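Numbers restart at 1 for each chain; the letters A, B, ... are given by sequence-line order, proteins then strands. What you are looking at is a predicted structure, and each value in this text was computed from that prediction instead of being measured.
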There are 2 protein chains.
Amino acid sequence: MQSRTPASRTGRPRSAAADTAILAATRQALVELGWSKLTLGDVATRAGVAKTTLYRRWAGKPELVCDAVAELFDELELPDLGSLAADIEGVVLQFAAILARPEAKSGLMAVVAESTRDDALRERIRASIVERQMRLVLEGRARAQRRGELPPEPDPQESARTVDLIFDMVAGAVVHRTLVSGKPADEEWVRGFTRVLLLGLASQPAEPGAQGAAPPGTPPRGDDTP
Amino acid sequence: MQSRTPASRTGRPRSAAADTAILAATRQALVELGWSKLTLGDVATRAGVAKTTLYRRWAGKPELVCDAVAELFDELELPDLGSLAADIEGVVLQFAAILARPEAKSGLMAVVAESTRDDALRERIRASIVERQMRLVLEGRARAQRRGELPPEPDPQESARTVDLIFDMVAGAVVHRTLVSGKPADEEWVRGFTRVLLLGLASQPAEPGAQGAAPPGTPPRGDDTP
DNA sequence: GAGCTTTCGCTACGAGTCGTAGCGTAATGC
DNA sequence: GCATTACGCTACGACTCGTAGCGAAAGCTC
């Protein structure tokens, strides 16, 4: 979190219960008020602590909301459903479910917007949200490479670039779908998204009833002009 | 814009010059102050108009910034570079260049964040930004289908879904790359992105020196190292 | 030009939030 | 007991908000 706790200090320790109460109160306030009408005084009242306690622990509203929202994404897990396509669909649906919650919508985007003028905040977001979920991409890719669904990437630099690209494409698409387009990232959408991500736009559209998953050893772009 | 101008009204007409001055002042204020520190009073002073004039034309800060940012995206054009991959790369680079500007970064995301609790604002964004740029996807796909680079989609419902999906994937990825990852969407990144978008993750990575994304029947493109 | 209508610039205002300072008290380590 | 730190509470100046009220300006219609 935000606390500098140098292992052992003299004096009264900070209440850990207050931390969780404050972050929960922040999420509740995000749901009821949204980002713009959320005030630190209100959060303090909801959490049952003094306003000054908030200012002693967090530098301001963006940092507080960042921490409150970050906890939402810790429940993400990469399922093992047997194929890369199914795994992607599973984790993307989880991600979409979190983003559908009002506290995530309202808080996450506002913090990101704020971070465009605040490098420290951007780094905080990166460390507490992005970096922690990068494991999903890494694990998913490694698993798919073992299955032979993805080509190996020996060059570590190239490999890192690919992971970043995948993360931007997955997270970006779901966020854009949910927040900008304002439509739900439901199963149907996720299937179409996964198909394009794995096979590309040039591939045939999925036939009705067909599972959009890429079978192992799928040759790239198995069709020409039909 | 926001003005209700029922063709002809009696009385003094609104100054069109004030409109452009206000929107320009808003963008300037976004650059210098960012979203959170931008105040309508400050914008009014910069534009040389009274604060009350602003409130007569716009309901609030989000609506004003939405209009100010929307104008930035009107300069987008779909190039005709001979192949779908090249066209995508061209327009994505334009999009990335706009998003790299501080007034776009700071303003766009904040407005989107605000729109999560304001349906009217979300619709305003959709109409003034998203819908107006959808033409790029429609035109690009039609062109690619004529070239045989993309399969035809006879079902209009399925076709509309695909357009929405492409828009979410393209815009979402660029936004996420620029704002969340905080790295530039430069030519190298755009090449990798376009390759995945067209051919999918399952395809072989581009070899060093090889041109990315060459869908079926694509004539070799000119060059990208001038 | 007379008259009507709407916009514009200006000033002033109450309401609300911000972030901080100050003080006495509570909880821990030595 | 003593030093140290966290906590709750109150109060404060500074700032922004959005609006009301007024006289003047700029169009249109006749």
* Does any N or O in the side chain of B:Thr116 come within less than 3.5 Å of the main-chain N or O of B:Val112, such that one atom is a donor and the other an acceptor? -> no

For [X], all residues meeting salt bridge (Lys or Arg N to Asp or Glu O under 4.0 Å), sequence neighbours excluded:
{"X": "B:Asp155", "answer": "none"}
{"X": "A:Glu131", "answer": "A:Arg126"}
{"X": "A:Arg56", "answer": "none"}

Length of the [atom1]-[atom2] vector between [X] and [N], whole Å:
{"X": "A:Tyr55", "N": "D:dA6", "atom1": "OH", "atom2": "P", "value": "18 Å"}
{"X": "A:Lys37", "N": "D:dT16", "atom1": "NZ", "atom2": "C1'", "value": "16 Å"}
{"X": "A:Leu64", "N": "C:dG19", "atom1": "CG", "atom2": "C1'", "value": "15 Å"}
{"X": "B:Arg14", "N": "C:dT5", "atom1": "CZ", "atom2": "P", "value": "18 Å"}
{"X": "A:Glu63", "N": "C:dC18", "atom1": "CD", "atom2": "P", "value": "14 Å"}
{"X": "A:Leu54", "N": "D:dC7", "atom1": "CG", "atom2": "C1'", "value": "12 Å"}

* Asked: In B/S/- notation, 5' to 3', how is nucleotides 11-17 of chain C contacted by protein heavy atoms closer than 4.0 Å?
  -> ------S

* Structure fact -> Hits for side-chain hydrogen bond (donor to acceptor under 3.5 Å, both in side chains) against A:Glu188, two or more places apart or cross-chain, chain-then-number order -> B:Arg161

* Structure fact -> By side-chain hydrogen bond (donor to acceptor under 3.5 Å, both in side chains), B:Gln94 pairs with (sequence neighbours left out) none

Quick one: which protein N/O atoms are closer than 3.5 Å to N/O atoms of nucleotides 23-26 of chain C? Pair and distance per line, please.
| from | atom 1 | to | atom 2 | distance (Å) |
| --- | --- | --- | --- | --- |
| C:dA26 | N3 | A:Arg12 | NH1 | 3.1 |

* Structure fact -> Nearest-nucleotide check on DNA chain D, A:Thr53 vs B:Pro13; residue mapping nearer the 5' end is A:Thr53

N/O donor to acceptor pairs below 3.5 angstrom from side-chain atoms of residues 47-55 of chain A, sequence neighbours left out:
none

* Asked: What residues form a side-chain contact (heavy atoms from CB on, under 4.5 Å) with A:Gln133, not counting sequence neighbours?
  -> A:Phe73, A:Asp74, A:Leu76, A:Arg135, A:Leu136, A:Phe167

* Asked: Any side-chain hydrogen bond (donor to acceptor under 3.5 Å, both in side chains) pairs touching residues 102-112 of chain A, not counting sequence neighbours?
  -> A:Arg101-A:Glu103

* Asked: A:Trp35: what forms a ring pair (Phe, Tyr, Trp, His ring centres under 6.0 Å) with it, not counting sequence neighbours?
  -> none

* Asked: Taking five pairs at each end of the helix from C:dG1-D:dC30 to C:dC30-D:dG1, what angle separates the two helix axes (nearest 10°)?
  -> 30°

* Atom CD of A:Glu187: over 12 foreign heavy atoms under 6.0 Å -> no

